Every structure is written in structure tokens, then in C-alpha cells.
Amino acid sequence: MKTTGCALLIGLIALTCSCLAQDKLGAAPVGFDKLQNNIPQGKIDTISYPSTVVGKDRKALIYTPPGFSVKKKYPVLYLLHGIGGDEKEWFINGQPHIILDNLYAEGKIEPMLVVLPNGRAMEDDRAVGNVFDSVKVQAFARFEQELLQDLIPFIEQNYPVYTDQEHRALAGLSMGGGQSLNFGLGHLESFAWIGGFSSAPNTKMPEELVPDAAYAKSKLKLLWISCGDEDRLITFSSRLHDYLEKHQVPHIYYVESGGHDFKVWKNDLYWFSQKLFK
């Protein structure tokens with residue numbers, strides 16, 4: 001009976017600690033996404049890179065942090081959009097440069113480059129017409145090869161960045177969240193920091209994402225899974241969380257207040273970015 005009681009107490013303590021960790025995240029502070037003109041600011045630029053996968057040049061945005069210098073080396077976060085977006089979706093709706101500038105001013109994040117590509121790897125990659133068309137959906141899966149073969153090498157050849165797995169992160173929202181989990185966990189030799197925000201139905205089954213728990217644990221620095229509590233897509237996040245818990249793979253599972261929208265995703269970026277490259 002004493003052993004059972006101790007085990008129960010330990011379980012309750014662990015549950016309490018888990019809940020407290022969740023509560024500590026909560027909502028980002030008021031003003032986290034508001035422009036402050038009195039602080040150093042990074043830059044957002046458009047780049048064009050050759051895609052051997054698509055057979056044409058494709059565009060992406062790149063954020064360089066305040067005080068960016070070609071004499072330094074930086075880690076890189078590749079940040080992906082949703083099924084109805086393109087390389088400008090985060091910039092227009094989420095304004096990640098403002099969120100990150102504010103965090104830099106508070107000394108809360110490591111200097112990093114952020115690359116915002118178009119994850120629809122096809123000749124006409126515009127977010128027009130029926131974005132759920134099977135050809136366009138397949139283009140999101142096709143982006144896996146372009147990311148690895150074309151975009152990452154282009155960034156590493158043209159910017160002062162680290163080229164090892166431990167200095168490379170991949171995250172995204174909705175369809176981009178599914179891409180991040182699929183590509184990141186499928187290529188742990190390339191990504192140590194992985195985040196899925198409100199990941200969509202393109203997310204592979206947990207058994208396929210993490211077939212070898214020991215290997216995943218040895219390679220991952222951070223695996224982040226988050227979703228709004230009013231989001232009907234939460235099952236894709238919760239099933240992965242349950243699987244990871246069962247196989248004792250460390251991760252953050254963050255269920256926050258909200259639906260399937262940028263209020264949630266901006267909040268995710270605020271917290272996720274603070275955990276990177278530390």
C-alpha cells in the first residue's frame with residue numbers, strides 16, 4: 001500500500017508540474033506584436049532562388065535580425081505557411097519581424113535568420129483558385145525535396161549561417177505545421193528544432209513520424225506541438241502528443257485558447273522562438 005501511495009503521489013506531482021508548465025506559457029503579453037519605433041529593427045527582404053525540383057526560380061522572404069553582420073554566423077528558422085497562403089502569408093498576417101524585433105529588444109531570443117518560403121512547389125505557385133486541388137496539395141509534399149535540395153543550400157551559400165543540424169529549425173502553421181513535422185521528423189539529420197502549429201490533416205501518422213523513439217530523442221533539441229482548444233484540427237496534434245508520451249519522447253504540447261487563426265499562430269511564434277538555439 002505504501003508503494004502504491006508513493007507512486008500515486010509522484011504521479012500527481014508530475015501532473016501538477018505538467019499543468020504548471022502549460023500555464024506558464026499562456027497568452028503572450030499585450031503589445032508583443034505591436035511595432036515599436038524606438039528599438040533596433042531587423043529587415044525583411046525578398047529573395048529568388050533556383051529550384052531544380054520545379055525547374056524555375058522561386059521566391060521567399062528572409063528576415064535578418066537587428067544588428068545583422070556578414071562577419072557573424074547565424075542559425076536559421078524556416079517558417080512555413082498554410083494551404084491558402086504563400087511566402088507573404090506570415091508577413092502580412094503574422095508580422096513575425098515585429099514579434100522578433102520586440103523579443104530581441106528584451107533579450108529573450110538568440111539572433112537568427114528566418115526564411116519564409118512558398119511551400120507550394122509547383123510552376124504556378126500562387127494561392128489562387130481551388131487551393132485544395134489535389135495537384136496543389138501534392139505540391140506541398142513536393143516541397144520537401146526543394147527545401148532540402150535547393151532552398152537550404154541556397155541560403156547556406158549566400159548568407160553567413162551555420163550549416164549543421166543543431167543550428168537549423170523548421171516550423172509552420174496548419175498545412176505548414178504538417179509539413180514541418182513530416183519533413184523535420186523525417187530528416188532529423190537536418191533539423192534539431194521542430195514545431196507544428198495547429199498542424200493540418202497532411203500530418204503523417206505518429207508511427208510513421210517517429211518510428212524510432214531512441215533515435216528521435218538522440219537528435220531532437222526541441223519538438224513543439226501546439227493547437228488552439230477550439231480548433232477542429234486538434235486531433236492531429238493530440239494523437240502525436242499521446243504517441244510521444246507513450247514512447248517517452250520529450251516534447252512540448254501546448255494547448256492554448258483559440259481557434260485556427262493567426263491569433264494562435266502569433267502566440268506560438270512568440271513562445272517557440274524563445275526556445276530556439278539555446
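Predicted, not measured: the structure shown is a model, and the values here were computed from it.
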Aromatic contact, H187 with F191 (centres under 6.0 Å): no
Decide whether D33 and Q95 meet the rule of one side-chain donor and one side-chain acceptor closer than 3.5 Å. no
State yes or no: are the ring centers of F272 and W193 separated by less than 6.0 Å? no
With rounding to the nearest 0.5 Å, note down the distance linking CG in L173 to CD1 in I83. 11.5 Å
If you count every heavy atom of other residues, nucleotides or ligands that lies below 6.0 Å from R239 atom CZ, does the total exceed 12? yes
Under 6.0 Å from the NZ atom of K278, do we count more than 12 heavy atoms belonging to anything else shown? yes
Under 3.5 Å, is there a donor-acceptor pair between the D229 and S257 side chains? no
Salt bridge check: are D124 and R126 linked by an N-O gap of less than 4.0 Å? yes
When you compare the side chains of E230 and H260, does any donor N or O come within less than 3.5 Å of an acceptor on the partner? no
Could you label the plane-to-plane angle of the F277 and H167 rings as parallel, tilted or perpendicular, counting under 30° as parallel and over 60° as perpendicular? parallel
Using ring centroids (six-membered ring only for Trp), state whether F68 and Y74 fall under 6.0 Å. yes
Between Y49 and E146, a side-chain donor and acceptor under 3.5 Å: yes
Counting N and O atoms only, with roles assigned by atom type, does the side chain of D231 sit under 3.5 Å from a partner on the main chain of C227, one being a donor and the other an acceptor? no
Rounding to 0.5 Å, atoms CD1 (I44) and CG (L61) come to a distance of 6.0 Å
Passes side chain to side chain donor-acceptor pair (under 3.5 Å), D150 versus T52? Steps please. CA-CA 7 Å; D150 299 319; T52 60; 2.8 Å; yes
Would you check, one step at a time, whether the test side chain to side chain donor-acceptor pair (under 3.5 Å) holds for E256 with N267? CA-CA 9 Å; E256 57 202 293; N267 189 62; 2.9 Å; yes
For the residue pair N202 / Q179, report whether a side-chain donor-acceptor contact shorter than 3.5 Å exists. no
Over 12 non-hydrogen atoms of neighbours within 6.0 angstrom of CD in E207: yes
Quick one: do the Y253 and D242 side chains pair a donor with an acceptor below 3.5 Å? no
Between R120 and D86, is there a salt bridge with N-O shorter than 4.0 Å? no
Are Y243 and H251 near enough that their ring centres are under 6.0 Å apart? no
